[in-house]
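Keep in mind the model is a prediction, meaning the values are calculated, not measured.
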Amino acid sequence: EAGVAQSPRYKIIEKRQSVAFWCNPISGHATLYWYQQILGQGPKLLIQFQNNGVVDDSQLPKDRFSAERLKGVDSTLKIQPAKLEDSAVYLCASSLNRGHETQYFGPGTRLLVL
Amino acid sequence: RKEVEQDPGPFNVPEGATVAFNCTYSNSASQSFFWYRQDCRKEPKLLMSVYSSGNEDGRFTAQLNRASQYISLLIRDSKLSDSATYLCVVTGGGGNKLTFGTGTQLKVEL
(Lines give C-alpha, C1' and ligand atoms only; values in the text may rest on other atoms or scores of the structure.)
Protein backbone atom coordinates (compact mmCIF):
# COMPACT_ATOMS: atom_id res chain seq x y z
CA GLU A 1 0.00 0.00 0.00
CA ALA A 2 1.40 3.40 -0.98
CA GLY A 3 2.08 5.80 1.85
CA VAL A 4 1.46 9.51 2.14
CA ALA A 5 3.18 11.37 -0.67
CA GLN A 6 4.49 14.92 -0.40
CA SER A 7 6.27 17.27 -2.74
CA PRO A 8 8.59 18.97 -3.03
CA ARG A 9 10.94 17.36 -0.52
CA TYR A 10 13.06 20.48 -0.15
CA LYS A 11 12.45 24.14 -0.86
CA ILE A 12 14.61 27.23 -0.37
CA ILE A 13 13.03 30.65 -0.79
CA GLU A 14 13.67 34.21 0.27
CA LYS A 15 11.51 35.95 2.83
CA ARG A 16 8.36 37.56 1.44
CA GLN A 17 8.19 35.00 -1.37
CA SER A 18 5.35 32.50 -1.71
CA VAL A 19 5.56 28.74 -1.54
CA ALA A 20 3.15 25.82 -1.89
CA PHE A 21 3.35 22.25 -0.70
CA TRP A 22 1.36 19.30 -1.99
CA CYS A 23 0.13 16.18 -0.20
CA ASN A 24 -1.54 13.01 -1.46
CA PRO A 25 -2.88 10.91 1.45
CA ILE A 26 -3.22 7.17 1.64
CA SER A 27 -6.06 6.01 -0.58
CA GLY A 28 -9.36 5.91 1.28
CA HIS A 29 -8.22 8.06 4.18
CA ALA A 30 -10.86 10.67 4.89
CA THR A 31 -8.87 12.75 7.36
CA LEU A 32 -5.81 14.78 6.39
CA TYR A 33 -3.54 16.82 8.64
CA TRP A 34 -0.82 19.39 8.08
CA TYR A 35 1.82 19.76 10.79
CA GLN A 36 4.72 22.19 11.19
CA GLN A 37 7.86 20.84 12.86
CA ILE A 38 10.47 23.41 13.82
CA LEU A 39 13.95 22.08 14.54
CA GLY A 40 14.18 20.68 18.06
CA GLN A 41 10.42 20.64 18.59
CA GLY A 42 7.61 18.18 18.11
CA PRO A 43 5.18 18.55 15.23
CA LYS A 44 2.42 21.13 15.73
CA LEU A 45 -0.95 20.72 14.03
CA LEU A 46 -1.73 23.53 11.59
CA ILE A 47 -4.95 22.28 10.03
CA GLN A 48 -7.12 19.17 9.88
CA PHE A 49 -9.52 18.24 7.08
CA GLN A 50 -12.33 15.72 7.16
CA ASN A 51 -12.92 14.97 3.46
CA ASN A 52 -12.96 18.49 2.00
CA GLY A 53 -14.12 20.31 5.14
CA VAL A 54 -11.94 21.97 7.79
CA VAL A 55 -12.24 20.40 11.26
CA ASP A 56 -9.57 22.39 13.10
CA ASP A 57 -7.47 25.31 11.90
CA SER A 58 -7.06 27.03 15.27
CA GLN A 59 -3.26 27.06 15.05
CA LEU A 60 -2.99 28.09 11.41
CA PRO A 61 -1.57 31.64 11.00
CA LYS A 62 -4.34 32.67 8.66
CA ASP A 63 -2.76 35.99 7.72
CA ARG A 64 -0.13 34.13 5.72
CA PHE A 65 -1.01 30.43 5.61
CA SER A 66 -3.83 28.85 3.64
CA ALA A 67 -4.75 25.28 2.84
CA GLU A 68 -7.33 23.53 0.74
CA ARG A 69 -8.52 20.04 -0.05
CA LEU A 70 -11.01 20.75 -2.79
CA LYS A 71 -11.97 17.23 -3.86
CA GLY A 72 -11.39 15.56 -0.53
CA VAL A 73 -8.22 13.81 -1.65
CA ASP A 74 -5.07 15.85 -2.41
CA SER A 75 -4.27 18.92 -0.37
CA THR A 76 -2.17 22.04 -0.83
CA LEU A 77 -0.66 24.22 1.89
CA LYS A 78 0.47 27.71 0.91
CA ILE A 79 2.52 30.36 2.65
CA GLN A 80 2.30 33.91 1.35
CA PRO A 81 4.44 35.85 2.20
CA ALA A 82 7.00 33.66 3.96
CA LYS A 83 8.91 34.79 7.03
CA LEU A 84 12.22 33.57 8.40
CA GLU A 85 10.44 31.82 11.28
CA ASP A 86 8.51 29.66 8.79
CA SER A 87 11.66 27.60 8.23
CA ALA A 88 10.58 24.14 9.30
CA VAL A 89 9.54 20.72 8.06
CA TYR A 90 5.92 20.60 6.91
CA LEU A 91 4.47 17.16 7.51
CA CYS A 92 1.28 15.83 6.02
CA ALA A 93 -0.50 12.93 7.70
CA SER A 94 -3.68 11.00 7.04
CA SER A 95 -5.95 8.64 8.92
CA LEU A 96 -8.97 6.56 8.01
CA ASN A 97 -11.30 8.84 9.90
CA ARG A 98 -11.33 11.46 12.61
CA GLY A 99 -11.62 8.97 15.43
CA HIS A 100 -8.57 7.83 17.32
CA GLU A 101 -7.01 5.84 14.53
CA THR A 102 -3.35 5.84 13.69
CA GLN A 103 -2.07 8.81 11.71
CA TYR A 104 0.41 7.99 8.96
CA PHE A 105 2.93 10.68 8.12
CA GLY A 106 4.49 11.58 4.80
CA PRO A 107 8.23 12.27 4.44
CA GLY A 108 7.71 16.02 4.84
CA THR A 109 8.81 19.10 2.95
CA ARG A 110 11.85 20.82 4.39
CA LEU A 111 11.50 24.60 3.95
CA LEU A 112 14.31 27.09 4.42
CA VAL A 113 13.45 30.78 4.29
CA LEU A 114 16.45 33.08 3.79
CA ARG B 1 3.10 25.25 30.97
CA LYS B 2 3.50 23.10 27.85
CA GLU B 3 0.69 20.67 27.09
CA VAL B 4 3.13 17.76 26.82
CA GLU B 5 6.54 17.90 28.50
CA GLN B 6 9.51 15.62 27.95
CA ASP B 7 13.17 15.70 28.91
CA PRO B 8 14.88 16.46 25.56
CA GLY B 9 17.99 14.45 26.44
CA PRO B 10 20.10 13.26 24.78
CA PHE B 11 20.26 9.97 26.61
CA ASN B 12 23.52 8.24 25.71
CA VAL B 13 23.42 4.59 26.74
CA PRO B 14 25.53 1.52 25.96
CA GLU B 15 24.12 -1.29 23.91
CA GLY B 16 22.17 -3.70 26.12
CA ALA B 17 21.20 -1.07 28.69
CA THR B 18 17.70 -0.38 29.94
CA VAL B 19 16.49 3.18 29.50
CA ALA B 20 13.31 4.91 30.59
CA PHE B 21 11.64 8.05 29.25
CA ASN B 22 9.03 10.05 31.06
CA CYS B 23 6.39 12.45 29.87
CA THR B 24 3.79 14.59 31.63
CA TYR B 25 0.68 16.15 30.13
CA SER B 26 -1.38 19.06 31.38
CA ASN B 27 -4.87 18.35 30.04
CA SER B 28 -6.66 15.98 32.39
CA ALA B 29 -9.30 15.42 29.66
CA SER B 30 -6.74 13.82 27.34
CA GLN B 31 -8.11 10.55 26.04
CA SER B 32 -5.49 8.65 24.08
CA PHE B 33 -1.76 8.35 24.51
CA PHE B 34 1.01 7.22 22.21
CA TRP B 35 4.72 6.99 21.75
CA TYR B 36 6.00 7.85 18.28
CA ARG B 37 9.52 7.29 17.05
CA GLN B 38 11.27 9.74 14.73
CA ASP B 39 14.56 8.91 13.06
CA CYS B 40 16.87 11.73 12.02
CA ARG B 41 15.40 13.64 9.06
CA LYS B 42 12.49 11.20 8.79
CA GLU B 43 8.80 11.38 9.58
CA PRO B 44 7.32 10.27 12.93
CA LYS B 45 6.04 6.70 13.07
CA LEU B 46 3.77 5.16 15.66
CA LEU B 47 5.76 3.01 18.09
CA MET B 48 2.96 2.00 20.43
CA SER B 49 -0.24 3.10 22.06
CA VAL B 50 -0.33 3.52 25.83
CA TYR B 51 -3.15 2.01 27.88
CA SER B 52 -4.10 2.48 31.51
CA SER B 53 -3.33 -1.16 32.18
CA GLY B 54 0.11 -0.78 30.64
CA ASN B 55 1.25 -2.58 27.55
CA GLU B 56 4.31 -4.35 26.29
CA ASP B 57 5.64 -4.97 22.80
CA GLY B 58 8.83 -7.00 22.82
CA ARG B 59 11.53 -4.92 24.49
CA PHE B 60 9.25 -1.90 24.85
CA THR B 61 6.89 -1.28 27.77
CA ALA B 62 4.59 1.73 28.05
CA GLN B 63 2.66 2.80 31.12
CA LEU B 64 0.09 5.46 31.88
CA ASN B 65 -0.77 7.03 35.22
CA ARG B 66 -3.88 9.15 34.72
CA ALA B 67 -3.95 10.40 38.30
CA SER B 68 -0.45 11.87 37.95
CA GLN B 69 -0.89 12.65 34.23
CA TYR B 70 2.30 10.80 33.50
CA ILE B 71 3.37 8.46 30.71
CA SER B 72 6.49 6.34 30.53
CA LEU B 73 8.37 4.25 28.00
CA LEU B 74 10.87 1.60 29.01
CA ILE B 75 13.29 0.08 26.51
CA ARG B 76 15.11 -3.06 27.59
CA ASP B 77 18.25 -4.48 26.00
CA SER B 78 18.86 -1.37 23.89
CA LYS B 79 20.04 -1.87 20.30
CA LEU B 80 22.00 0.50 18.11
CA SER B 81 18.91 0.66 15.91
CA ASP B 82 16.89 2.12 18.79
CA SER B 83 18.78 5.41 18.38
CA ALA B 84 16.10 7.96 17.51
CA THR B 85 13.91 10.65 19.02
CA TYR B 86 10.93 9.38 21.01
CA LEU B 87 7.88 11.62 20.94
CA CYS B 88 5.21 11.50 23.61
CA VAL B 89 1.78 12.21 22.10
CA VAL B 90 -1.65 12.78 23.59
CA THR B 91 -5.09 13.40 22.10
CA GLY B 92 -8.09 15.04 23.63
CA GLY B 93 -11.58 16.02 22.65
CA GLY B 94 -12.89 15.28 19.18
CA GLY B 95 -11.08 15.30 15.88
CA ASN B 96 -8.13 13.06 16.74
CA LYS B 97 -5.84 16.07 17.21
CA LEU B 98 -2.39 14.89 18.27
CA THR B 99 -0.37 17.07 20.64
CA PHE B 100 3.31 16.20 20.57
CA GLY B 101 6.01 16.70 23.15
CA THR B 102 9.37 18.02 22.01
CA GLY B 103 10.81 14.52 21.98
CA THR B 104 13.59 12.74 23.86
CA GLN B 105 16.70 11.87 21.91
CA LEU B 106 18.23 8.45 22.50
CA LYS B 107 21.71 7.47 21.36
CA VAL B 108 22.70 3.85 21.84
CA GLU B 109 26.46 3.34 21.65
CA LEU B 110 28.75 0.33 21.29
Distance in Å, A:Y35 OH paired with B:E43 CD, rounded so as to fall on 0.5 Å steps: 13.5 Å

A:K62 atom NZ: more than 12 heavy-atom contacts under 6.0 Å: yes

Transitive ILVMFWY side-chain link B:L47 to A:Y104, under 4.5 Å: no

Full working for side chain to side chain contact (heavy atoms under 4.5 Å, CB included) between B:L98 and A:Y33: CA-CA 10 Å; B:L98 299 182; A:Y33 315 79; over 6 Å; no

Interchain contact, A:Q6 with chain B, by part (heavy-atom threshold 4.5 Å): neither

A:Q103 side, atom CD; B:F34 side, atom CZ - distance, nearest 0.5 Å: 8.5 Å

Separation of B:K42 NZ from A:L91 CG (nearest 0.5 Å): 13.0 Å

Reported CZ-to-CZ distance for the pair A:R9 and B:R41, which is rounded to 0.5 angstrom: 9.5 Å

Option that, when pairs with chain B are counted at under 4.5 Å, heavy atom only, ranks first among A:Q50, A:Q41, A:K44, A:R110: A:R110

Connected via hydrophobic side-chain network under 4.5 Å: A:V54 and A:Y90: yes

A:Q37 versus chain B, the contacting section by heavy-atom distance below 4.5 Å: side chain

A:E68 atom CD, neighbour heavy-atom count above 12 within 6.0 Å: yes

Largest heavy-atom contact set with chain B, pairs under 4.5 Å, which of A:P43, A:G108, A:G42: A:P43

B:L74 with B:W35, same ILVMFWY side-chain cluster at under 4.5 Å: no

Side-chain heavy-atom pair A:L45, B:F100 within 4.5 angstrom cut-off: no

B:Y51: partners by side chain to side chain contact (heavy atoms under 4.5 Å, CB included), with sequence neighbours left out: B:S49, B:S53, B:N55

Toward chain A, the part of B:Q105 with a non-hydrogen atom under 4.5 Å: neither

Shared hydrophobic cluster for A:L46 and A:F21 (ILVMFWY, side-chain gaps under 4.5 Å): yes

Transitive ILVMFWY side-chain link B:V89 to A:F105, under 4.5 Å: yes

